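Read through the structure below, which is laid out as C-alpha coordinates, and then see the notes.
In what follows, every heavy atom counts, from backbone to side chain, and hydrogens, waters and symmetry copies are set aside. Because the structure is predicted, anything quoted here is derived from the model rather than measured. We're numbering straight along the sequence, starting at 1.
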Amino acid sequence: LASVDPDPYAIKAFHQFTEVNATWDIPHQLGQHIRISTEKNYGYTYAWMRPAGKTMEFQVKACSEVHILLASQILSIMDSYEVVIGKSSNQKVAIRRSQEGIDLTETYARDILDCNEFLPFWISWENGILEVGTGRVGQHVLINFNIQNIGTKIEAVSMSTSYDSSGVFIFSADDCE
(Lines give C-alpha, C1' and ligand atoms only; values in the text may rest on other atoms or scores of the structure.)
Protein backbone atom coordinates (compact mmCIF):
# COMPACT_ATOMS: atom_id res chain seq x y z
CA LEU A 1 0.00 0.00 0.00
CA ALA A 2 1.45 3.36 -1.03
CA SER A 3 0.21 6.90 -0.97
CA VAL A 4 1.52 10.18 -2.30
CA ASP A 5 0.72 13.48 -0.62
CA PRO A 6 -0.54 15.82 -3.36
CA ASP A 7 0.66 18.89 -1.42
CA PRO A 8 3.76 17.81 0.56
CA TYR A 9 5.63 20.08 2.96
CA ALA A 10 9.32 20.75 2.33
CA ILE A 11 11.24 19.32 5.29
CA LYS A 12 13.93 21.82 6.21
CA ALA A 13 14.88 20.59 9.66
CA PHE A 14 14.45 17.63 11.96
CA HIS A 15 14.50 17.96 15.74
CA GLN A 16 15.01 14.93 17.99
CA PHE A 17 15.03 14.78 21.79
CA THR A 18 16.92 11.88 23.34
CA GLU A 19 16.52 10.19 26.71
CA VAL A 20 19.74 11.72 28.04
CA ASN A 21 18.53 15.31 27.62
CA ALA A 22 20.38 16.04 24.38
CA THR A 23 18.78 17.95 21.55
CA TRP A 24 19.59 17.79 17.85
CA ASP A 25 18.75 20.27 15.12
CA ILE A 26 19.48 18.69 11.74
CA PRO A 27 18.82 20.94 8.71
CA HIS A 28 17.95 19.66 5.28
CA GLN A 29 19.47 22.36 3.09
CA LEU A 30 23.15 22.87 2.28
CA GLY A 31 24.87 25.74 4.03
CA GLN A 32 22.99 25.16 7.25
CA HIS A 33 24.20 23.77 10.56
CA ILE A 34 23.73 20.93 12.98
CA ARG A 35 23.41 22.06 16.61
CA ILE A 36 23.84 19.50 19.38
CA SER A 37 23.52 20.23 23.10
CA THR A 38 25.13 17.91 25.62
CA GLU A 39 24.50 17.69 29.34
CA LYS A 40 26.92 16.97 32.19
CA ASN A 41 27.10 13.32 31.21
CA TYR A 42 30.22 11.91 29.51
CA GLY A 43 29.50 9.33 26.84
CA TYR A 44 28.70 9.05 23.17
CA THR A 45 24.91 8.77 23.38
CA TYR A 46 23.95 12.22 22.08
CA ALA A 47 24.42 12.01 18.32
CA TRP A 48 26.45 10.28 15.65
CA MET A 49 27.30 11.70 12.22
CA ARG A 50 28.96 10.41 9.09
CA PRO A 51 31.62 12.87 7.88
CA ALA A 52 31.37 13.93 4.23
CA GLY A 53 35.16 14.15 3.92
CA LYS A 54 38.30 14.02 6.05
CA THR A 55 37.88 17.35 7.81
CA MET A 56 35.22 18.85 10.07
CA GLU A 57 34.81 22.39 11.28
CA PHE A 58 32.70 23.13 14.34
CA GLN A 59 32.04 25.69 17.01
CA VAL A 60 31.64 24.82 20.66
CA LYS A 61 30.58 26.58 23.83
CA ALA A 62 31.61 24.73 27.00
CA CYS A 63 33.60 25.40 30.17
CA SER A 64 35.88 22.35 29.91
CA GLU A 65 36.43 18.88 28.46
CA VAL A 66 34.89 18.70 25.02
CA HIS A 67 35.22 15.17 23.61
CA ILE A 68 35.03 14.29 19.90
CA LEU A 69 35.10 10.58 19.01
CA LEU A 70 36.33 9.63 15.53
CA ALA A 71 35.27 6.03 14.98
CA SER A 72 35.38 3.30 12.38
CA GLN A 73 31.59 2.98 12.51
CA ILE A 74 28.58 4.44 14.26
CA LEU A 75 28.31 3.28 17.89
CA SER A 76 31.85 1.86 17.81
CA ILE A 77 33.82 3.33 20.71
CA MET A 78 36.68 0.82 20.73
CA ASP A 79 38.08 1.19 17.20
CA SER A 80 38.39 4.96 17.45
CA TYR A 81 40.35 8.08 18.36
CA GLU A 82 39.19 10.59 20.93
CA VAL A 83 40.07 14.27 20.78
CA VAL A 84 39.76 16.06 24.13
CA ILE A 85 39.75 19.86 24.10
CA GLY A 86 39.92 21.59 27.48
CA LYS A 87 41.28 18.58 29.38
CA SER A 88 42.65 19.08 32.91
CA SER A 89 40.39 22.00 33.88
CA ASN A 90 40.56 23.65 30.45
CA GLN A 91 44.36 23.53 30.25
CA LYS A 92 45.22 20.85 27.64
CA VAL A 93 44.31 19.28 24.31
CA ALA A 94 44.86 15.54 23.79
CA ILE A 95 44.47 12.82 21.19
CA ARG A 96 43.63 9.41 22.64
CA ARG A 97 43.29 5.91 21.28
CA SER A 98 39.56 5.15 21.86
CA GLN A 99 37.18 6.49 24.48
CA GLU A 100 39.08 7.14 27.72
CA GLY A 101 42.09 5.44 26.14
CA ILE A 102 45.72 6.33 26.65
CA ASP A 103 46.87 9.73 25.45
CA LEU A 104 48.79 9.34 22.21
CA THR A 105 49.85 12.98 22.53
CA GLU A 106 48.83 16.06 24.50
CA THR A 107 49.76 19.72 24.64
CA TYR A 108 49.06 22.72 26.84
CA ALA A 109 46.38 25.11 25.63
CA ARG A 110 45.35 27.25 28.57
CA ASP A 111 41.71 28.44 28.63
CA ILE A 112 41.06 26.97 25.18
CA LEU A 113 37.28 26.82 25.78
CA ASP A 114 34.82 29.50 26.84
CA CYS A 115 31.67 28.95 28.94
CA ASN A 116 29.82 31.85 27.32
CA GLU A 117 31.10 32.13 23.76
CA PHE A 118 31.19 29.82 20.74
CA LEU A 119 34.77 29.23 19.60
CA PRO A 120 35.77 27.74 16.21
CA PHE A 121 37.73 24.47 15.95
CA TRP A 122 38.54 21.96 13.24
CA ILE A 123 39.68 18.36 13.00
CA SER A 124 41.40 16.79 10.01
CA TRP A 125 42.57 13.23 9.35
CA GLU A 126 43.92 13.69 5.84
CA ASN A 127 47.07 11.87 4.69
CA GLY A 128 47.31 9.77 7.85
CA ILE A 129 47.77 12.75 10.19
CA LEU A 130 45.11 13.52 12.80
CA GLU A 131 45.22 17.29 13.47
CA VAL A 132 43.20 19.61 15.67
CA GLY A 133 43.22 23.38 15.44
CA THR A 134 41.36 26.62 15.97
CA GLY A 135 39.83 28.88 13.33
CA ARG A 136 39.41 27.43 9.82
CA VAL A 137 40.87 24.11 8.62
CA GLY A 138 44.66 24.36 8.47
CA GLN A 139 44.91 27.45 10.67
CA HIS A 140 46.39 27.46 14.15
CA VAL A 141 47.27 23.77 14.58
CA LEU A 142 47.07 22.86 18.27
CA ILE A 143 48.09 19.21 18.11
CA ASN A 144 48.68 16.41 15.61
CA PHE A 145 49.50 12.72 15.58
CA ASN A 146 50.49 10.30 12.82
CA ILE A 147 47.74 7.65 12.65
CA GLN A 148 48.82 6.13 9.34
CA ASN A 149 50.18 2.91 10.88
CA ILE A 150 47.29 2.37 13.32
CA GLY A 151 44.79 1.51 10.61
CA THR A 152 41.47 2.82 11.98
CA LYS A 153 39.40 4.22 9.13
CA ILE A 154 37.29 7.16 10.35
CA GLU A 155 33.68 6.77 9.17
CA ALA A 156 31.69 8.19 12.11
CA VAL A 157 31.88 11.10 14.55
CA SER A 158 30.24 11.67 17.93
CA MET A 159 30.62 14.28 20.65
CA SER A 160 30.27 14.65 24.39
CA THR A 161 31.20 16.82 27.32
CA SER A 162 32.39 15.69 30.73
CA TYR A 163 30.54 14.98 33.95
CA ASP A 164 31.14 18.53 35.15
CA SER A 165 30.43 20.55 31.99
CA SER A 166 27.58 20.80 29.53
CA GLY A 167 28.10 22.16 26.04
CA VAL A 168 26.67 23.18 22.70
CA PHE A 169 28.26 22.07 19.42
CA ILE A 170 27.55 23.57 15.99
CA PHE A 171 28.70 21.63 12.91
CA SER A 172 28.34 22.63 9.28
CA ALA A 173 25.75 20.42 7.58
CA ASP A 174 28.07 20.42 4.55
CA ASP A 175 30.65 18.44 6.56
CA CYS A 176 28.18 15.59 7.20
CA GLU A 177 26.42 13.07 5.00
| query | Charged N to carboxylate O below 4.0 Å: is that the case for Arg50 and Glu155? | reply | no
| query | Can you tell me how far OH of Tyr81 sits from CZ of Phe145, rounded to the nearest 0.5 angstrom? | reply | 8.0 Å
| request: Indicate if Ile123 and Val137 have the same hydrophobic cluster label, given that clusters are the connected sets of ILVMFWY residues with side-chain heavy-atom separations under 4.5 angstrom. | output: no
| field | Separation of Cys63 SG from Asn116 CG (nearest 0.5 Å) | value | 7.0 Å
| request: Take Ser72 and Ile154, measure what side-chain contact (heavy atoms from CB on, under 4.5 Å) needs, and give me the verdict at the end. | output: CA-CA 5 Å; Ser72 61; Ile154 297 168; over 6 Å; no
| field | Cluster link Ile150 to Val83, ILVMFWY, side chain under 4.5 Å | value | yes
| query | Does Ser80 reach the main-chain N or O of Ile77 with its side chain, forming a donor-acceptor pair under 3.5 Å? | reply | yes
| query | Between Thr38 and Val66, is any pair of side-chain heavy atoms under 4.5 Å apart? | reply | no
| field | Sub-4.5 Å side-chain heavy-atom contact between His67 and Met159 | value | no
| In terms of hydrophobic clusters joined by side-chain contacts under 4.5 Å, are Val84 and Met78 together? | no
| query | Does a salt bridge link Asp79 with Arg97, judged by any charged N lying under 4.0 Å from a carboxylate O? | reply | yes
| said: Are the side chains of Leu75 and Trp48 in contact, using a 4.5 Å heavy-atom criterion? | reply: yes
| task | Compare all side-chain heavy atoms of Glu82 with those of Tyr44 and state whether any distance is below 4.5 angstrom. | result | yes
| query | Once the angle between the rings of Phe169 and Phe58 is folded into 0 to 90°, is it parallel (under 30°), tilted (30 to 60°) or perpendicular (over 60°)? | reply | tilted
| Is the closest basic N to carboxylate O distance between Lys87 and Glu106 below 4.0 Å? | yes
| query | Does the side chain of Phe121 reach to within under 4.5 Å of the side chain of Ile68, using non-hydrogen atoms? | reply | no
| field | Rounded distance (nearest 0.5 Å) linking atom CG of Asp174 with atom NE2 of His33 | value | 12.5 Å
| message | Nearest 0.5 angstrom please: Leu70 CG to Ile95 CD1, how far? | response | 9.0 Å
| Sub-3.5 Å donor-acceptor pair from the side chain of Thr55 to the main-chain atoms of Ser124, do we have one? | no
| request: Taking Ser88 for its side chain and Lys92 for its backbone only, find out whether a donor-acceptor pair lies under 3.5 Å. | output: no
| task | Please check if the side chain of Asp103 supplies one atom and the backbone of Thr105 the other of a donor-acceptor pair under 3.5 Å. | result | no
| Heavy-atom pair of closest approach, residues Ser166 and Ala62 | O-CB, 3.5 Å
| Donor-acceptor under 3.5 Å (Ser158 side chain, Ala47 main chain) | yes
| What about Val168 and Leu113, same hydrophobic cluster or not, with Ile/Leu/Val/Met/Phe/Trp/Tyr joined at side-chain heavy-atom distances under 4.5 Å? | no
| message | Working to the nearest 0.5 angstrom, can you tell me the gap between Ile112 CD1 and Thr134 OG1? | response | 6.0 Å
| note | The reported gap from CG in Leu104 to CD1 in Ile147 (rounded to nearest 0.5 angstrom) is 9.5 Å
| said: Does Phe171 form a side-chain contact (heavy atoms from CB on, under 4.5 Å) with Arg35? I'd like the steps, not just the answer. | reply: CA-CA 6 Å; Phe171 290 86; Arg35 182 184 179 110; over 6 Å; no
| request: Specify the closest pair of heavy atoms between Ala109 and Val93, including all atoms of both residues, with the distance to one decimal. | output: CB-CG2, 3.8 Å
| said: Check whether Gln91 reaches the backbone of Ser89 with its side chain - one donor and one acceptor, N or O, closer than 3.5 Å. | reply: yes
| remark: Gly86 and Ser64 have their tightest heavy-atom pair at O-CB, 3.8 Å
| Does Ile129 offer a backbone N or O that forms a donor-acceptor pair with the side chain of Asn127 under 3.5 Å? | no
| Less than 4.5 Å apart, any side-chain heavy atom of Glu57 and any of Asp175? | yes
| said: Could you check whether atom CZ of Phe118 has more than 12 heavy atoms from other residues, nucleotides or ligands sitting under 6.0 Å from it? | reply: yes
| Does a side-chain heavy-atom distance below 4.5 Å link Asn144 with Val132? | no
| query | So does Lys54 pair up with Glu126, basic N to acidic O under 4.0 Å? | reply | no
| If you group Ile, Leu, Val, Met, Phe, Trp and Tyr by side-chain heavy-atom gaps below 4.5 Å, do Trp122 and Met49 land in one group? | no
| said: Within the 4.5 Å heavy-atom criterion, are Lys61 and Leu119 side-chain neighbours or not? | reply: no
